[in-house]
2 protein chains.
Amino acid sequence: MKIGELAKRSGQTQSRIRFYERIGLLKLVDRRANGYRAYPPEALVVLNLIDTAQNAGFSLDEIRRMVPSDLGEWKHEGLLDALRAKVAEITTLEGRLAQSKAQIAGLIAEIEAKPGDITCKDNARRVMARMLVETAERS
Amino acid sequence: MKIGELAKRSGQTQSRIRFYERIGLLKLVDRRANGYRAYPPEALVVLNLIDTAQNAGFSLDEIRRMVPSDLGEWKHEGLLDALRAKVAEITTLEGRLAQSKAQIAGLIAEIEAKPGDITCKDNARRVMARMLVETAERS
DNA sequence: TCTAACCTTTAATCTAAGTTTAAGGTCAAG
DNA sequence: CTTGACCTTAAACTTAGATTAAAGGTTAGA
């Protein structure tokens, strides 16, 4: 399979596929006499794997460490550790997002609760004072 | 207040404070005769505000659009819209994270459920087949 | 043979949010 | 008057994950 076909079948750009090769992520490639890249069908599997892992939040660097690229010898214990670490990481991130969301929601409520008889400027001051309290609490 | 003091009191680096000024985020600054920057106390408030907003997940670009920098005229309706949009964005992100987490957790379970009588290589194939199914389902 | 579709390479460019470096001006103390 | 702390600028560099451009080689079909 030439790169154009692999690109079409994997849904990725040629430049991206060449980039993965350059950074040592996709080693499953040969060369024909004319210099063209020749991919075995497994290359499609690897590209899908990379895409899946990336969607799960792994960086290309992490993926390179996890995927053996020859597709047959997973350094199994390291992989499990990486997966568990990633779950923990996501959990942490979820906590931070929930906090941010609550903070913003609170701010919206604060702004909307404008007494109506005070000026916009005064409301701004009131809201700002509240935000600074939150900032102080966070640190 | 000179930049050194502002940096110390805000907990940010001088280069960062100059950078904020350069991109038009911190306009609350004067110059002394010698060329030194002179900050009013409110600059500290603005820096805290930027920090808070950034922690809530806003980009500097978004912050610039939201914060009027003269600290007294909030284009109120735009701010509320931005805040609501950010809450929606966080909610979307939370959904994606939950999905990723579930996917990884499933993968961990799959790997650990290795029958015990098959080889590591065969288990790799089994797990990979499973991952590719998930990839296909996602697209 | 011409042309269009493919393929190759290296190097530059992009975004975000800054940091670092180089070269130099200002100021207070001893 | 010199030393050290502080300030100035512009420009280059950083990371991640690519994309784009420039310049050129290969191949299939009419």
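None of these values were measured; they are calculated from a predicted model. Residue numbers start from 1 in every chain, and the chains themselves are labelled A, B, ... in the order their sequence lines are given, proteins ahead of strands.
- Look at B:R37 and you won't find any side-chain N or O under 4.0 angstrom from OP1 or OP2 of D:dC7.
- Atom CG of residue A:L44 and atom CG of residue A:L49 lie 11.0 Å apart, to the nearest 0.5 angstrom.
- Where A:D61 and B:R18 each meet DNA chain D at their nearest nucleotide, the meeting point lying more 5' is that of B:R18.
- B:T13 has a side-chain polar atom (N or O) that falls below the 4.0 Å cut-off from OP1 or OP2 of C:dT19.
- Residue contacts shown for B:R32 are absent, as no nucleic acid heavy atom lies under 4.0 Å away.
- Taking every side-chain heavy atom of A:R22 into account, D:dA18 is the closest of D:dG17, D:dA18, D:dC7.
- Backbone-only engagement by A:I3 is indicated by non-hydrogen atom pairs under 4.0 Å involving sugar-phosphate atoms exclusively.
- When the local axes at the two ends of the helix from C:dT1-D:dA30 to C:dG30-D:dC1 are compared, using 5 base pairs at each end, they differ in direction by 30° after rounding to 10°.
- If you check every strand for non-hydrogen atoms under 4.0 Å, B:Q54 touches sugar and phosphate atoms only.
- With D:dA18, C:dT19, C:dC6 as the candidates, the nucleotide lying closest to the side chain of B:S15 is C:dT19.
- The residue B:Q12 sits apart from the nucleic acid: no heavy atom pair falls under 4.0 Å.
- Remark on DNA chain D: of its neighbouring residues A:N34 and A:Y20, the 5'-side contact belongs to A:Y20, judged by nearest-heavy-atom nucleotide.
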Q | Derivation and outcome, salt bridge (Lys or Arg N to Asp or Glu O under 4.0 Å), residues B:R18 and B:E21 | A | CA-CA 5 Å; B:R18 291 198 195 97; B:E21 182 183 341; over 6 Å; no

